[in-house]
Asker: 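Dropping a structure here in structure tokens format, bear with me for questions.
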Amino acid sequence: MLVYPSGVNVSSSALRFLSAKLRQHRRELGSRWRRLTPGRQALLTLAHLRNGHPYAQLAAGFGVGTTTAYRYVAEAVDLLAALAPTLEEAARTASTKAFVLLDGTLLPIDRIAADRPFYSGKHKKHGMNVQILADPSGQLLWASPALPGAVHDLRAAREHGIVHMLTNADITCWADKGYRGARGTVRIPYWGRWETLSDGQKAVNRSHAKIRALVEQAVATLKSWRLLRKLRCSTTRITNLVRAVLTLHLISSDR
């Protein structure tokens, strides 16, 4: 396999942060020697998450075995996932904002047609449903655990406790028609065909669309990590991958 130098467009603060966490983790484990330093392991993980390169290519580039590359990435991802904010922590951050934006997105997975629980009728593809909370400027605040793609956005929001949390904390939330019936502090557009709505309802829906349009920026932020654009791993690993990406994003945006 040919090897060539390449770049990863990730903040250096994310590399330093992950390197420090891996160094601390190795001290706690009592690891004496490894094929890669904490810094190189961090770079390997960031390259995998950001560029979505398979383990075989990464292993060749970093001079390690494919199994070693997988093990190093899995270790780093689990460390990052454990540091991701919980819904309660996100609620405390959201309470300082004027409102929050809620939306669901589908992370495509490599599955066959027989895997019906993962098939999204809305998107006409297999994937995992992830709920996203963003602030009024479209900055990503929180991402939920991944559920099968067949799960509707409203059901997912209820299962994760998002609607209950927003209502109890009295946080106004703007969402699309997929959350019809959520009630509480969740605001959705008027329901119905456009031609059947009154002029006042149309004006409200236009205003609503402008407010929640920035949630697409948060979705794009999540999917700027190319690994999440087409997942080929076990579905049990996807939640940790999403949480790891969320941690890296928040670390980079805070510095």
Asker: Check side-chain hydrogen bond (donor to acceptor under 3.5 Å, both in side chains) between T45 and all other residues, then give those that pass, not counting sequence neighbours.
Answerer: none

Asker: Is the number of heavy atoms from other residues, nucleotides or ligands within 6.0 Å of NZ (K125) greater than 12?
Answerer: no

Asker: Does V163 offer a backbone N or O that forms a donor-acceptor pair with the side chain of T167 under 3.5 Å?
Answerer: yes

Asker: Output all residues satisfying side chain to side chain contact (heavy atoms under 4.5 Å, CB included) with H164, sequence neighbours left out; order by chain, then residue number.
Answerer: N168

Asker: Considering only heavy atoms from C-beta outward, does the side chain of L87 approach that of L133 to under 4.5 Å?
Answerer: yes

Asker: If you compare all heavy atoms of P148 against all heavy atoms of P117, which two are closest, and at what distance to 0.1 Å?
Answerer: CB-O, 3.0 Å

Asker: Please report the shortest heavy-atom distance between L46 and A14, naming the atom on each side.
Answerer: CD1-C, 4.4 Å

Asker: What residue among S12, S13, S19 forms side-chain hydrogen bond (donor to acceptor under 3.5 Å, both in side chains) with R16?
Answerer: S12

Asker: Could you measure the distance from the NE2 atom of H249 to the CD atom of Q139? Nearest 0.5 Å is fine.
Answerer: 5.0 Å

Asker: Report yes or no: do V242 and L106 belong to one cluster of Ile/Leu/Val/Met/Phe/Trp/Tyr joined by side chain heavy-atom distances under 4.5 Å?
Answerer: no

Asker: Given 3.5 Å as the limit, does a donor-acceptor pair link the side chain of Q201 with the main chain of S198, or not?
Answerer: yes

Asker: I132 and L140: side chain to side chain contact (heavy atoms under 4.5 Å, CB included), yes or no, with the steps?
Answerer: CA-CA 7 Å; I132 289 175; L140 184 62; 3.4 Å; yes

Asker: Give a yes or no on whether L49 and Y72 share a hydrophobic cluster (residues Ile, Leu, Val, Met, Phe, Trp, Tyr; joining criterion: side-chain heavy atoms under 4.5 Å apart).
Answerer: yes

Asker: Residues in salt bridge (Lys or Arg N to Asp or Glu O under 4.0 Å) with R34, at least two apart?
Answerer: E75

Asker: Work out which heavy atom in G39 is nearest to a heavy atom in L15; give both atom names and the distance.
Answerer: O-CD1, 3.9 Å

Asker: What are the two closest heavy atoms between L231 and L227, and how far apart are they?
Answerer: CD2-O, 3.4 Å

Asker: Given a cutoff of under 4.5 Å between side-chain heavy atoms of I, L, V, M, F, W and Y, with clusters grown through shared members, what are the other residues clustered with I211?
Answerer: F99, L101, W174, L214, V215

Asker: Side chain of T239, backbone of A146: donor and acceptor closer than 3.5 Å?
Answerer: yes

Asker: Can you tell me if N129 and Q131 form a side-chain donor-acceptor pair at under 3.5 Å?
Answerer: yes

Asker: Under the rule for side chain to side chain contact (heavy atoms under 4.5 Å, CB included), what residues qualify as partners of A244, not counting sequence neighbours?
Answerer: V77, L80

Asker: Would a distance-only check, ignoring hydrogens and angles, find a side-chain to backbone donor-acceptor pair under 3.5 Å from R40 to R35?
Answerer: no

Asker: Output the distance between atom CD1 (I238) and atom CD1 (I109), rounded to the nearest 0.5 Å.
Answerer: 5.5 Å

Asker: Under the criterion side chain to side chain contact (heavy atoms under 4.5 Å, CB included), I'd like the reasoning laid out for L22 against R27: C-alpha separation, chi angles, the key distance, then a yes or no.
Answerer: CA-CA 9 Å; L22 288 169; R27 283 197 299 266; over 6 Å; no

Asker: Charged N to carboxylate O under 4.0 angstrom, R158 versus D153?
Answerer: no

Asker: Rounded to the nearest 0.5 Å, how far does CG of L250 lie from CH2 of W142?
Answerer: 12.5 Å

Asker: List in chain and number order the residues that pass side-chain hydrogen bond (donor to acceptor under 3.5 Å, both in side chains) with D170, two or more places apart in sequence or in another chain; answer none if no residue qualifies.
Answerer: none

Asker: Compare all side-chain heavy atoms of D135 with those of V100 and state whether any distance is below 4.5 angstrom.
Answerer: no

Asker: With the 4.5 Å side-chain cut-off for hydrophobic clustering, are I188 and V219 part of the same group?
Answerer: no

Asker: V130, L141: one ILVMFWY side-chain cluster at the under-4.5 Å cut-off?
Answerer: no

Asker: Is the side chain of Q24 donor-acceptor paired with the backbone N or O of K21 at a distance under 3.5 Å, no angle test?
Answerer: no

Asker: Once side-chain hydrogen bond (donor to acceptor under 3.5 Å, both in side chains) is applied, do any residues pair with R193, and if so which ones, sequence neighbours excluded?
Answerer: E195

Asker: Taking all non-hydrogen atoms of both residues into account, name the closest pair between S95 and I171 and its distance.
Answerer: N-CD1, 3.9 Å

Asker: Who passes side chain to side chain contact (heavy atoms under 4.5 Å, CB included) against A81, sequence neighbours left out?
Answerer: N240, R243

Asker: Can you check whether P85 reaches L246 side chain to side chain, under 4.5 Å on heavy atoms?
Answerer: yes

Asker: I need the C233 SG to L241 CG distance, nearest 0.5 Å.
Answerer: 5.0 Å

Asker: Kindly give the heavy-atom pair with the smallest separation between A91 and M165, and that separation in Å.
Answerer: CB-SD, 3.1 Å

Asker: Using atom types as modelled and distance alone, determine if a side-chain donor or acceptor of S234 lies under 3.5 Å from a backbone N or O of T236.
Answerer: yes

Asker: Are V204 and Y179 linked, directly or through other ILVMFWY residues, by side chains that come within less than 4.5 angstrom of each other?
Answerer: no

Asker: I want to check something: taking the side chain as every heavy atom from C-beta on, are H160 and P145 in contact at a cut-off of under 4.5 Å?
Answerer: yes

Asker: Look only at the side chain of H208 and the backbone of A175, and say whether a donor-acceptor pair between them is shorter than 3.5 Å.
Answerer: yes

Asker: Once rounded to the nearest 0.5 Å, what's the spacing between atom CZ of R50 and atom OG of S224?
Answerer: 4.0 Å

Asker: How long is the gap from CZ on F62 to CG on L44, to the nearest 0.5 Å?
Answerer: 5.0 Å

Asker: Any chance the side chains of Q41 and R26 put a donor and an acceptor closer than 3.5 Å?
Answerer: yes

Asker: Just grab all the ring pair (Phe, Tyr, Trp, His ring centres under 6.0 Å) pairs involving residues 186-206, residues at least two apart or on different chains.
Answerer: none

Asker: Answer yes if the ring centres of H126 and F118 are under 6.0 angstrom apart, and no otherwise.
Answerer: no

Asker: Once ring-ring contact (aromatic ring centres under 6.0 Å, His included) is applied, do any residues pair with Y55, and if so which ones, sequence neighbours excluded?
Answerer: H48, Y70

Asker: With sequence neighbours excluded, what pairs up with R92 under the side-chain hydrogen bond (donor to acceptor under 3.5 Å, both in side chains) test?
Answerer: none

Asker: Is a side-chain donor or acceptor of S252 paired with a backbone partner of L248 at a separation under 3.5 angstrom?
Answerer: yes

Asker: Under 3.5 Å, is there a donor-acceptor pair linking the side chains of K223 and T105?
Answerer: yes

Asker: With heavy-atom distances below 4.5 Å as the criterion, would you say the side chains of I162 and L102 are in contact?
Answerer: yes

Asker: Taking K124 for its side chain and G121 for its backbone only, find out whether a donor-acceptor pair lies under 3.5 Å.
Answerer: yes

Asker: So do the side chains of E159 and L154 get within less than 4.5 Å of each other, counting heavy atoms only?
Answerer: no

Asker: Mind checking who shares a hydrophobic cluster with L147, ILVMFWY linked at side-chain heavy-atom distances under 4.5 Å?
Answerer: V151

Asker: If we ignore hydrogens and angles and just use 3.5 Å, is the side chain of N51 paired with the main-chain N or O of H53 as donor and acceptor?
Answerer: no

